[in-house]
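For reference, the structure discussed in these notes is given below.
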Amino acid sequence: MTNKNYIRMKKLFISLLTIFTVIPFYAQKKEIPIYLDEGQSIEKRIDDALSRMTIEEKIAMIHAQSKFSTPGVPRLGIPEIWMSDGPHGVRMEIDWDTWSHAGWTNDSCTAFPALTCLAATFNPELSAEYGRAIGEEARYRKKDVLLGPGVNIYRTPMNGRNFEYLGEDPYLASKMVVPYIKGVQENGVAACMKHYALNNQELWRNTIDVEASDRALHEIYLPAFKAGVQEANVWSIMGSYNKFRGQYCSHHEYLVNKVLKDDWDFDGAFITDWGSAHNTDEAALYGLDIEMGTWTDGLTWGQSFAYDNYYLAQPYLEKLKKGELPISTLDDKVRRVLRLTFRTNMDRNRPYGSFATPEHADVARRIAEEGIVLLKNEKNFFPISKDCYDKIVVIGENAIRPLTTGGGSSELKVKKEISPLDGLIEKYGEDKIFYTMGYGSGPTVYDQFVESPYNADSLRTLALDLVKEADVVLFFGGLNKNYQQDCEGGDRTSYNLPFGQNELIEDILKINKNLGLVIISGNAVAMPWLDKVPAIIQSWYLGSEAGNATANIIAGEINPSGKLPFSIPKKLEDNGAMSFGEISYPGINNKQIYKEDILVGYRWHDTKKVVPQFPFGYGLSYTTFEYGNATTDKKEYNKNDIIKVSVEITNKGDKDGAETVQFYVSQKKPSLIRPAKELKGFDKVYLKAGESKNITIDIPVEDLAFYDDRVGTWVVESDQFKIHCAASAVDIKNSVTINIK
Ligand code: GLC
């Protein structure tokens, strides 16, 4: 073959090769629409998908098709979005169109401790583990949105849902919510931070109209939400039921359009609470992106299969078609829903999750162990070593009562729940443990109050009999997840322990003083017996591993390190919100004014010099810690500096333990009132017996700002500030003075 022919043949071969491989490949490649092409940016995929959708498909996508799902776009292969409660575990499957449980047998989950317990750990690393684990369970259950975490601030001990939230301090709530959200979303599941905003009670939650100052709003009630958006990039947020300044929060021009979407640049989907949408025009114009759970015929349970009646369904479509509302309002909603989809169920690379695993149980147990708070421990009542007593009498319904059910939407169906009694029998052996209930509250009911079906006298008689020969008595009391206790949809009606517990505790003490009290609750309670009870533990709804964690603490295998995430007032009116009468709580004729303003929790106790029973940030250990003098790297700072505060902590006891060092800041002469001090840093330090560590934390000078409502922005004033190094809000070890130029 001549050279010329060879070259000609080679060219022919290459062009044939091209025709039969490369072109079809590119032709075929060109066939992948942009919205389905993982190689494209999410924003490009959104534009492409949007351009292909009809207005009816857009309308369908922004409201429910069932109790917990929204339709995708079947024609384009865009999947449905499936949501599930809740903040403490993945709720059992719910029916398509009712609130009933669907009765599945493959949805028994891990119950993690309530978020109040997580807050009490003061351990952001544990919060990350919490988020990762619960996110794995949600992913495995094929949920695209997990309806949690809740970050509403603990304003009053009456709120039925405080157990679902992260306590009274915005800084603690902000630091603890960010890792949780990141952990969930690493699984390709959207967290849905809730309830935005000012949903600080359950009583009249659908109608109450909250008035709070700009300062209280920005300094107390919004920071955790802001952190979730700006530091954790949360993919969805749930609007609350209540109103703020006369407008429903689930479609609120200032809170949603201005603060959330403009100022904070939130790019996720804003979802109603179930039934919290009330108006088509406002829902269209004031930032609502997905409408769920609407009761179409007003504030009742609504009709069934009424999804087309939703405010953002047919009524909205008609207004759009008549040109009464701009299409741009619809397209912005759909963009956000598509972004949610591309971040979750259209991300082919997201992990597969896992469900009810030993690893998740281990996470749950460790959070429980680190969240339990030792409030009092006279004569080293705790820990109780295994060979210490022959007859350990356990009293109280909460030693055996399932506490993963109830409470409202955070209810769970668990693979296992180790009760405190189970845990103690496992730990000490059944021949040493003797149990009787002592008091009882009856079945789990959470939409109405039910009297206890038990004969209180006979329960009490049995208990007083049993404690006579006891070497030690462990009383498991507190609240439970029934209506008007720690439960959604209602508030407590008393600050006292219910079901005659106070009287029973007093009666037992008359017979046997060697009594350790374990309070299980998500709220502070009155403690009339405080001086007579030698040892008190504040425990929480600890979830699946409750009994193991509790027994490990009581036996001393784990040294308690929890710190209170809320103040415990001596009496109800010592709480800020509760000291201004009905207009402040629970409101009058659906009007409520947050009269305590920025002085929530310890801010009130400090500034008004009202001594709490137990302060925010308080918790004992089985060892003791010594604090050195705190120092800062400089004496003067500019406004964009970082303050480095250091202190040496020593474990002076003979047991390993952990101490949360807290740093509060006071401004000397603020131009507006400020709380006596505000938490601006904390660090949990693990120390072996006798060990010392020098810890340093960073406090950005910008964190010393207050919200100046005269100019509508945050301001750091040039002034002298004190940084208090403390073991609780009242136990200041030492302080260091700095100047901000
Ligand atoms: C409930 C709760 C909310 C929950 C939702 C779905 O009313 O307020 O927290 O996620 O409805 O159950």
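Heavy-atom basis, side chains included; hydrogens, waters and symmetry copies ignored. All ligand and atom numbering here is 1-based and tracks the order in the structure.
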Among side-chain atoms of N152 and N199, is any donor-acceptor pair under 3.5 angstrom? no

Salt bridge E253-K258, side-chain N to carboxylate O under 4.0 Å: no

Parallel, tilted or perpendicular: which one describes the rings of Y196 and F225, with boundaries at 30° and 60°? perpendicular

Considering non-hydrogen atoms of the protein only, which is the closest contact for atom 7 (O) of ligand 1, and what is the distance? Y241 OH, 2.6 Å

Are R155 and Y594 in a cation-pi setup, meaning NZ or CZ lies under 6.0 angstrom from the ring centre and within 45 degrees of the ring axis? yes

Atoms in ligand 1 with a heavy atom of S409 nearer than 4.0 Å: 2 (C), 3 (C), 4 (C), 9 (O), 12 (O)

Just to confirm my output: which protein heavy-atom neighbour is closest to atom 8 (O) of ligand 1, and how far is it? D273 OD2, 2.6 Å

Under 4.0 Å from a heavy atom of K194: give me the atoms of ligand 1 that qualify, with their elements. 3 (C), 4 (C), 9 (O), 10 (O)

Are any non-hydrogen side-chain atoms of L403 and E417 less than 4.5 angstrom apart? yes

Check D144 with R350, please: is the shortest side-chain N to carboxylate O separation under 4.0 Å? yes

Would you call the rings of H252 and Y254 parallel, tilted or perpendicular, where under 30° means parallel and over 60° means perpendicular? perpendicular

Hey, is E411 touching ligand 1 through its side chain, its backbone, both or neither, going by heavy atoms under 4.0 Å? neither

Say whether M238 and ligand 1 are in contact under the criterion: heavy-atom distance to a ligand atom below 4.0 Å. yes

Which atoms of ligand 1 sit under 4.0 Å from any heavy atom of L147? 10 (O)

R91 near ligand 1 by a heavy-atom separation under 4.0 Å: yes

Can you list the ligand 1 atoms lying under 4.0 Å from a non-hydrogen atom of F68? 6 (C), 12 (O)

If the contact criterion is a heavy-atom separation under 4.0 Å, does R161 count as touching ligand 1? yes

Which residue pairs pass the salt bridge (charged side-chain N to carboxylate O under 4.0 Å, His left out) test when at least one of the two sits in residues 184-197, sequence neighbours left out? D85-K194, R132-E186

Which atoms from ligand 1 have a heavy atom of W99 less than 4.0 Å away? 12 (O)

Ligand 1 versus M292: contacting region, heavy-atom distance under 4.0 Å: neither

shortest atom 12 (O) of ligand 1-to-protein heavy-atom contact is with D85 OD2, 2.7 Å

among protein heavy atoms, the one nearest atom 1 (C) of ligand 1 is E488 OE2, 3.1 Å

Measure up the Y541 and F163 rings against each other and bin them: parallel (under 30°), tilted (30 to 60°), perpendicular (over 60°). perpendicular

